[in-house]
Amino acid sequence: MLSAMLKITFLFGLFGLDFSGAGTYMSALLIAIMSGVVMSGVPGGGLIGEMLIVSLYGFPPEAFPIIATIGFLVDPPATCINVTGDTVSSMLVTRLVEGKDWLSKFPEGGSVEKDETVPEELNEKDGGKVSWG
């Protein structure tokens with residue numbers, strides 16, 4: 001959403017449009033949210049969000065490559081931060097659910113001995129070992 005706001009304000013400045021007033025801010029925020037929803041989970045969805053910005057504000061088609069370039073610079077670090085946050089969040093949830101020694105329950109081999117928390121049909125598979133990989 002922040003990158004969409006950056007792209008919108010950049011285009012307003014580039015084309016000399018006035019970016020002030022509550023209505024302009026609210027429409028930019030709404031379009032940034034819509035752009036974020038459009039691009040979530042879709043490979044290359046950033047380009048779709050950028051086309052949405054260009055078309056909803058009525059910018060000329062020449063504006064699309066400009067904000068696509070900004071997207072190519074801004075989106076990879078944003079994806080990296082998103083993936084890192086997802087990983088840390090999942091590790092924190094696992095620590096809360098499994099306890100402080102959750103990591104020692106899973107040896108490097110990717111399998112664990114019979115565990116009461118695993119359904120019985122999975123414990124019987126592979127001679128009492130559950131394969132996680």
Side-chain angles (χ1 to χ4, degrees):
M1 188 172 88
L2 290 175
S3 67
M5 287 295 289
L6 172 71
K7 295 168 192 174
I8 292 169
T9 54
F10 182 81
L11 286 178
F12 267 76
L14 184 67
F15 289 103
L17 300 173
D18 185 31
F19 193 78
S20 61
T24 305
Y25 296 146
M26 290 305 293
S27 70
L29 184 62
L30 181 66
I31 290 173
I33 290 171
M34 286 176 20
S35 175
V37 169
V38 165
M39 48 189 234
S40 63
V42 177
L47 293 174
I48 298 168
E50 291 156 1
M51 288 190 325
L52 179 72
I53 291 170
V54 169
S55 64
L56 286 178
Y57 275 113
F59 289 118
E62 294 82 14
F64 179 69
I66 296 169
I67 64 169
T69 303
I70 295 171
F72 291 134
L73 296 174
V74 173
D75 289 344
T79 301
C80 182
I81 291 170
N82 186 17
V83 169
T84 303
D86 291 347
T87 304
V88 170
S89 299
S90 65
M91 291 177 80
L92 286 172
V93 168
T94 303
R95 186 180 187 280
L96 288 172
V97 171
E98 297 290 333
K100 196 172 193 174
D101 62 340
W102 68 272
L103 194 55
S104 64
K105 293 180 183 179
F106 303 103
E108 265 187 52
S111 62
V112 294
E113 295 299 322
K114 186 172 181 178
D115 187 1
E116 296 80 31
T117 61
V118 176
E120 192 61 37
E121 60 271 5
L122 292 178
N123 274 324
E124 294 171 0
K125 181 181 174 185
D126 298 328
K129 292 188 174 187
V130 178
S131 176
W132 299 99

So which atom in [X] and which in [Y] form the shortest heavy-atom distance, rounded to 0.1 Å?
| X | Y | result |
| --- | --- | --- |
| P65 | T69 | O-OG1, 2.8 Å |
| D75 | S3 | OD1-OG, 3.8 Å |
| Y25 | S20 | OH-CA, 3.8 Å |
| M5 | A28 | SD-O, 3.5 Å |
| G49 | S35 | CA-OG, 3.4 Å |
| A68 | L47 | CB-CD2, 3.9 Å |

Pairwise distance [atom1]([X]) to [atom2]([Y]) - rounded to 0.5 angstrom:
| X | Y | atom1 | atom2 | value |
| --- | --- | --- | --- | --- |
| L17 | T9 | CG | OG1 | 12.0 Å |
| L56 | M51 | CG | CE | 11.5 Å |
| L14 | I66 | CG | CD1 | 5.0 Å |
| I8 | I31 | CD1 | CD1 | 5.5 Å |
| E50 | I67 | CD | CD1 | 5.0 Å |

Original post:
Can you name the residues that form a ring pair (Phe, Tyr, Trp, His ring centres under 6.0 Å) with Y57, not counting sequence neighbours?
Top reply: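 Per chain and number, Y57 pairs via ring pair (Phe, Tyr, Trp, His ring centres under 6.0 Å) with F12, F59.
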Original post:
If we only count heavy atoms from C-beta on, is the L11 to F64 side-chain gap below 4.5 Å?
Top reply: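 Contact flag for L11/F64 side chains = no.
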Subject >> Any side-chain heavy-atom pair of I33 and L29 under 4.5 Å >> reply: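 SC-SC contact between I33 and L29 confirmed.
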Original post:
Sequence neighbours excluded, which residues qualify as side-chain contact (heavy atoms from CB on, under 4.5 Å) partners of P60?
Top reply: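 For P60, the residues satisfying side-chain contact (heavy atoms from CB on, under 4.5 Å) (neighbours in sequence not counted) are F15, E62.
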